[in-house]
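Below is one structure, written out as structure tokens, with a few remarks after it.
Only this structure's heavy atoms are used, side chains among them; waters, hydrogens and symmetry mates stay out.
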Amino acid sequence: ANAILNGLLIYGNTISGFGNWDTTGDDFHNDGVFLFGNNAGSQINAPVIYNNYFLGPFGACCTTAFLYLSAQPAGGTGSTINGAYVFNNIFDNPSATNYPGDGQIFDWASGSFYYNNTIISANSLGGSNDILVYGSVGNTAITAENNILSQGSSNISWVSGTHLLTDYNDFYNTGSNSTAVVFNGTYYSTLAKWQAGNPDAHSVSGNPNLSGTYIPLSGSPAIGAGIN
């Protein structure tokens with residue numbers, strides 16, 4: 001009980017092959033990186049997750065996310081994850097049928113920072129978000145800048161809670177049932193609707209036009225759209 005983990009670094013990995021963990025009894029939580037505290041009072045402080053390549057497709061069952069940060073300060077185990085830094089990662093799920101149940105990233109933590117990530121989903125008809133923030137159990141804010149958010153049922157979804165800063169991102173979503181942002185139950189189908197009185201004043205919306213190695217090609221709206 002009350003264990004505290006500081007200084008966790010996860011970097012330089014290729015994480016794939018999720019279907020290898022499928023079983024008839026659905027025994028495993030087939031996530032890429034799953035951080036959670038198992039006892040009341042436990043803490044994970046400022047984990048740093050960077051330069052990783054998360055590649056789908058997922059298996060047939062029981063995957064929450066490529067990256068699952070699962071603190072449960074209210075109604076759960078009483079654990080916390082604070083101030084995670086997630087940057088320079090690629091999250092790519094090319095399958096429109098086998099995709100994570102909640103999002104490419106599922107943030108059930110507090111005060112996370114997301115910078116310079118490329119998040120791509122083949123599924124734009126429903127079922128999977130690019131970033132899902134489950135703020136109802138203690139998430140105070142996230143910062144998300146310089147990210148490419150491509151396809152998904154939504155690019156960013158806040159279930160509830162508050163947000164600190166999202167800006168300088170590229171939102172791209174073409175599905176007939178998809179939306180740019182969901183915030184506290186309100187659906188903003190386009191970036192322009194979300195920008196009206198809300199964050200992402202400098203963000204852009206358009207096909208990032210990525211190469212096979214995830215580099216924006218000539219004409220990509222993502223070129224020059226970020227901030228240092």
Counting N and O atoms only, with roles assigned by atom type, does the side chain of [X] sit under 3.5 Å from a partner on the main chain of [Y], one being a donor and the other an acceptor?
| X | Y | value |
| --- | --- | --- |
| Asn147 | Asn117 | yes |
| Asn93 | Gly56 | no |
| Asn82 | Asn45 | no |

Less than 4.5 Å apart, side chain to side chain, heavy atoms only: is that true for [X] and [Y]?
| X | Y | answer |
| --- | --- | --- |
| Phe18 | Pro57 | no |
| Glu145 | Leu165 | yes |
| Ile119 | Ile105 | yes |
| Thr166 | Thr143 | no |
| Asp167 | Pro199 | no |
| Gln43 | Ser79 | no |
| Asn173 | Thr179 | no |
| Asn89 | Asn51 | no |

Using the ring of each side chain (for Trp, its six-membered ring), is Phe106 parallel, tilted or perpendicular to Tyr68, with breaks at 30° and 60°?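 Taking Tyr68 first and then Phe106, their aromatic rings lie parallel (interplane angle under 30°).
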
Classify the angle between the aromatic ring planes of Tyr115 and Tyr85 as parallel (below 30°), tilted (30 to 60°) or perpendicular (above 60°).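 Taking Tyr85 first and then Tyr115, their aromatic rings sit tilted (interplane angle of 30° to 60°).
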
Run the side chain to side chain contact (heavy atoms under 4.5 Å, CB included) test on Leu210 and Leu217 for me, step by step, so that the C-alpha distance in whole Å, both residues' side-chain angles and the decisive distance to 0.1 Å come before the verdict. CA-CA 6 Å; Leu210 301 177; Leu217 298 174; over 6 Å; no

Dump the intermediate steps for side chain to side chain contact (heavy atoms under 4.5 Å, CB included) on Leu67 and Phe34, then the final yes or no. CA-CA 6 Å; Leu67 173 61; Phe34 183 10; over 6 Å; no

Over all atoms of both residues, closest heavy-atom pair of [X] and [Y]:
| X | Y | value |
| --- | --- | --- |
| Phe58 | Gln104 | CE1-OE1, 4.2 Å |
| Ala71 | Ala109 | CB-CA, 4.3 Å |
| Leu191 | Ala180 | N-CB, 3.7 Å |
| Leu55 | Pro94 | CD1-CD, 4.5 Å |
| Gly12 | Asn52 | N-OD1, 3.3 Å |

Would [X] end up clustered with [Y] when hydrophobic side chains under 4.5 Å apart are linked, directly or stepwise?
| X | Y | answer |
| --- | --- | --- |
| Leu8 | Ile81 | yes |
| Ile15 | Ile120 | no |
| Ile131 | Ile90 | no |
| Ile148 | Tyr172 | no |
| Leu69 | Val33 | yes |

How many angstroms lie between atom [atom1] of [X] and atom [atom2] of [Y], to the nearest 0.5 angstrom?
| X | Y | atom1 | atom2 | value |
| --- | --- | --- | --- | --- |
| Ile227 | Tyr168 | CD1 | OH | 3.5 Å |
| His202 | Gln195 | NE2 | CD | 10.0 Å |
| Leu35 | Ser70 | CG | OG | 9.5 Å |
| Asp170 | Ser150 | CG | OG | 8.0 Å |
| Ser121 | Phe91 | OG | CZ | 13.0 Å |
| Ser220 | Asn207 | OG | CG | 7.5 Å |

Show the numbers, then the answer: is there a side chain to side chain contact (heavy atoms under 4.5 Å, CB included) between Tyr50 and Val86? CA-CA 6 Å; Tyr50 67 100; Val86 181; over 6 Å; no

Between Asn129 and Ser154, is there a side-chain donor-acceptor contact under 3.5 Å, judged purely by atom types and distance?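 Result is yes, a qualifying pair exists.
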
Is it true that the side chains of Trp194 and Asp200 contain a donor and an acceptor less than 3.5 Å apart?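 A pair is found: one side chain offers a donor N or O, the other an acceptor, under 3.5 Å apart.
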
Could you walk me through whether Ser203 and Phe171 pass the side chain to side chain contact (heavy atoms under 4.5 Å, CB included) check? CA-CA 8 Å; Ser203 290; Phe171 291 75; 3.9 Å; yes

Which residue in the set Asn146, Asp107, Asn169 passes side-chain hydrogen bond (donor to acceptor under 3.5 Å, both in side chains) when paired with Tyr114?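 The single option meeting the side-chain hydrogen bond (donor to acceptor under 3.5 Å, both in side chains) with Tyr114 is Asp107.
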
Name the one of Phe66, Tyr214, Tyr11 that satisfies ring pair (Phe, Tyr, Trp, His ring centres under 6.0 Å) with Tyr53?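 Among Phe66, Tyr214, Tyr11, the one meeting ring pair (Phe, Tyr, Trp, His ring centres under 6.0 Å) with Tyr53 is Tyr214.
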
